[in-house]
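All of these numbers come straight from a predicted model, not from anything done at the bench. All chains are named by letter (A, B, ...) in the order of the sequence lines, taking the proteins before the strands, and each is independently numbered beginning at 1.
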There are 2 protein chains.
Amino acid sequence: MTVVRVMRTPEKVAAITRARVESVLAETGYTPDLLARGLAMNRSGVVAAIVPLLTNSLVAEVVQGLTTRLEAAGIHLLIASSGFSAEREEGLVRAFLSRRVDGVFLIGTTHTSETRRMLVSAGIPVVEGGNLTRAPIDMVVGFSNREAARTVTAHLAKRCGRGPIAFVGAHARDNDRARDRRSGFRATMRELGRPVAPEFVVETDLDMVSGAAAADDLVTRNPDLRGILCSADAIAAGVLFALQRRGIPVPGRVAVASFDDIEIAGLVSPGLTTIRVPRLRIGECAGDMILQRLAGAEVAEVRVDVGYELVVRESA
Amino acid sequence: MTVVRVMRTPEKVAAITRARVESVLAETGYTPDLLARGLAMNRSGVVAAIVPLLTNSLVAEVVQGLTTRLEAAGIHLLIASSGFSAEREEGLVRAFLSRRVDGVFLIGTTHTSETRRMLVSAGIPVVEGGNLTRAPIDMVVGFSNREAARTVTAHLAKRCGRGPIAFVGAHARDNDRARDRRSGFRATMRELGRPVAPEFVVETDLDMVSGAAAADDLVTRNPDLRGILCSADAIAAGVLFALQRRGIPVPGRVAVASFDDIEIAGLVSPGLTTIRVPRLRIGECAGDMILQRLAGAEVAEVRVDVGYELVVRESA
DNA sequence: CCGTTGGATGTTACCGCTCACATCAGGGGA
DNA sequence: TCCCCTGATGTGAGCGGTAACATCCAACGG
C-alpha cells in the first residue's frame, strides 16, 4: 500500500490520498509493528542498559538521563541489573545482542573478555559509564575515580592531623569504581607518609545499614580512629548515623568524607564532605554519543571526562 | 534447516545431526534473532514498565523485583518514566504497544481513558502496582493507601494530644497514592473531631530538599504545630533534617510520621515512624501475575492486597 | 515381499514492514 | 501529435525466524 509512504514521507504523497489513508488508519486503529520494522531495517530502535543495581540512587539518575535523551529520538531502553557480577553481565549482553539492540550502555569498565568480544563484533555503539578507562570497548564517559580519591583523601588527611584514617568501601570485585577509589586512597596516604594498615581498609555492601555496621565495628576496635573515607555517600550516611548514635562528634573526633554527593549528603547534619559527580550528565552524554553514532556521525570525543568536584561541608 | 529443531526441540533430532549443527553454530557465532522470532510468533518476549520516576528508591525496588521474576523466564524489561504525567504515560503506552510488548506494568491507577482503552484492546496482561483500586484495567497489586493513611494518622493524632497536625504530600494530580494518603488523613482527622484547615495541607515535590523547604515554611507560619504527616519518607527525611537544623525537638515539640519505610527511615535519628510497604513483593507479584497469564493460565487473584504495616520508631 | 508406520529431515507460506524498482498518468516542449 | 520527463502510486523480494505439512527412509509385521 501507499500506507507506508504516508507514514514515512508524507510529502511525497498527494494530499487527497494522504487524507483518505489517514482516515482509514484512524478508524481501524492501526498500530505500526516496530518488530517487523526492526527486522526489515535491521535496526530495532532499542538500546540496552546494564547496571549493577537499579536501587542505587546514583545509577537511577544516570539511567534517567539516558532515557531522556534516547526517548526524544524515539528509542527505548531495555534495562537489566547484573548485581555487580561480570558473569551475569555477560549473559545479559548475549541476550540483548540477540534482541538486536542498536546500542549498549554499561556501568563500569570491568567486563569479561567474552563480553568485550561480543560487543566489539556486534559493531554497535557501546558506552561505558562512570569510570574513565584508557582502553574502552568503544566509548566511555565518566571521570577518574582514582584522581577523585586523591583529592578527597588529601583533604581528609589534612583535617585529621596525624590520626589514623580508615576506608570503608563497597566490594571491589567487579566494581572498578570502588577499586579505583580505594587504590587512590591508599596511594595518597602512602605518599603522605601515612601508609594504611590492612585492618583500616574494610569492604562492605553498598547501603546505609552496612555502612553503619562497618563504622560500629571500626570505632570499637580502634578508639583512636580520626577519619573515615567511604567509597559512596550511601555508606557514609550509614557511618554518620552510627557515629551519631554512639555520641561520637563528627568531625570533632572522627571526620567523614565520601563520594557521589547524592541528595542526602547535603541534608544530614553535619553535612557530608564528598565528591560531586555529574551523574545526570553522564547519562545524557552517553545517550548523545549513542545517538550520534546511530545517526552515522563519527563521534569526536570517544572518551569524555565529565570531571568531579570536591564539596566541602561540615563532616570533614 | 533442521537448525530450528536443534534449538527448540533437541530431542526430536538425531544425536549425530545435532552435534554437526551445533558445531557449525558455534564456529559461525550464530545468534538467534529475537526480533524475527517475535514477529513470527507474535510474541516479543518483552514487558514494558512505566513508572513516574526512576530515581525514586521505592519505584526502583519495585522494578528490581519485577525484572528478577521476568528475567528468570527470559523476558526483558522495557522501561520509561512518565514524570507523573498521565499524558506522557499515554504516549509511552502507545509506543510500547507498537513494540508489541507481551505485558505492561504501570505504577499507579490514574490513567487517561485512552490509555485504558488501548491497554484493554491490546488484550495483553496489564498490572497496576502500588494502589489497590476497585476497577483495575486488568490486574492490580498493592495495598489501600487510604486505609494505611487512616492507620498512621490515628497513631500520630494520639501522639500529638490536641495540637494541630499538618500534611505534606507529593503533588496529587496524576498521583493516586499521594491523593489517597491525603484524603485518608483528612477523613480520619475529621472523624476525630479535628478537621484540618487548608493551610495545613501542602503540596511539594517528592524529594528531601522540597520536604525540608515545606517544613521550614510550616513551622515559621505556625509555631504551635504539633505534628507533620508526610506522604513519603523522602519528604519526611527532609522535614526531619529541617527541624533538626532549627533545633526543634522531634517528637518533643513536633512529631513526624510518613509512608514507605525506605532505608533511611530506620537510620535517621530519631527513627521515622512510618508505614512499611512490601515494595519488592509488589514487583515480584506483578511479575508472577504477568508470567502466569503469558503461560495461558487464568490468574486466580486479579486483585492482590500485599498489605502494609505501621512501624513505630521514635519520631512519633 | 510389500504395505505400513513413525522418526528424521526438508519445504513452504507467512509474520508486517522496507527498499528498490516498475508502472502509470499527465504536462510541456519540439 | 508524439515523446520524454516527472511526480504519484503499485509491486515484489527479502529481513530471519516459525509452524504446518510434505517427504524420505528404515524397520517391522502380516
Side-chain angles (χ1 to χ4, degrees), chain A residues 1-46 48 73-76 78 94-103 118 121-124 294-296, chain B residues 1-46 48 73-76 78 94-103 118 121-124 294-296:
Chain A
M1 274 277 240
T2 317
V3 171
V4 7
R5 255 183 289 260
V6 173
M7 317 210 60
R8 305 185 59 75
T9 50
E11 71 282 2
K12 307 201 99 184
V13 55
I16 173 144
T17 322
R18 190 182 337 151
R20 204 154 53 91
V21 171
E22 273 166 355
S23 82
V24 172
L25 290 188
E27 79 185 43
T28 52
Y30 168 84
T31 321
D33 187 326
L34 264 16
L35 251 70
R37 169 181 304 189
L39 179 60
M41 298 211 306
N42 196 23
R43 173 180 275 227
S44 61
V46 170
I75 291 184
H76 290 138
L78 221 37
R94 197 189 313 282
F96 284 150
L97 253 22
S98 241
R99 288 208 188 279
R100 299 296 185 262
V101 293
D102 294 338
M118 288 190 292
S121 73
I124 55 176
L294 253 27
Chain B
M1 275 277 243
T2 318
V3 171
V4 6
R5 255 183 290 263
V6 173
M7 317 211 58
R8 305 184 58 75
T9 50
E11 72 282 0
K12 307 201 98 184
V13 54
I16 174 146
T17 322
R18 189 178 344 149
R20 205 154 52 92
V21 171
E22 272 166 356
S23 81
V24 172
L25 290 190
E27 78 186 46
T28 53
Y30 168 83
T31 322
D33 187 326
L34 264 14
L35 252 70
R37 170 182 304 190
L39 179 60
M41 298 211 307
N42 196 23
R43 173 180 274 225
S44 61
V46 170
I75 291 184
H76 290 138
L78 221 36
R94 196 189 313 282
F96 284 150
L97 253 22
S98 241
R99 288 208 188 277
R100 298 295 184 263
V101 293
D102 293 339
M118 289 190 292
S121 72
I124 55 176
L294 252 27

Calculate, to the nearest 0.5 Å, the distance between atoms CD1 and CE belonging to Ile124(A) and Met118(A) respectively.
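The distance works out to 10.5 Å.
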For [X] and [N], what is the distance between atoms [atom1] and [atom2] respectively, to the nearest whole Å?
X	N	atom1	atom2	value
Leu35(A)	dG16(C)	CG	P	11 Å
Asp33(A)	dC15(C)	CG	P	12 Å
Leu34(A)	dT18(C)	CG	C1'	13 Å
Arg20(A)	dG10(D)	CZ	P	8 Å
Tyr30(A)	dC15(C)	OH	P	14 Å
Arg100(A)	dG16(D)	CZ	P	8 Å
Leu25(B)	dG17(D)	CG	P	10 Å
Leu39(B)	dC15(D)	CG	C1'	9 Å

Test side chain to side chain contact (heavy atoms under 4.5 Å, CB included) applied to Val46(B) and Arg99(B), step by step
CA-CA 9 Å; Val46(B) 170; Arg99(B) 288 208 188 277; over 6 Å; no
Tell me if a side-chain donor or acceptor on Ser98(B) pairs with a main-chain N or O of Pro32(A) at a distance below 3.5 Å.
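Confirmed, Ser98(B) side chain pairs with Pro32(A) backbone.
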Do Arg100(A) side-chain atoms and Ala36(B) backbone N/O form a donor-acceptor pair below 3.5 Å?
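Flag not set: sc Arg100(A) to bb Ala36(B) has no pair under 3.5 Å.
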Would you indicate what Thr31(B) reaches in the nucleic acid, counting non-hydrogen atoms under 4.0 angstrom: base, sugar-phosphate, or nothing?
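Since only primed, P, OP1 and OP2 atoms lie under 4.0 Å of Thr31(B), the category is sugar-phosphate.
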Among dG16(C), dT18(C), dG16(D), which nucleotide sits nearest the side chain of Ala40(B)?
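Ranking dG16(C), dT18(C), dG16(D) by closest atom to the Ala40(B) side chain puts dG16(D) first.
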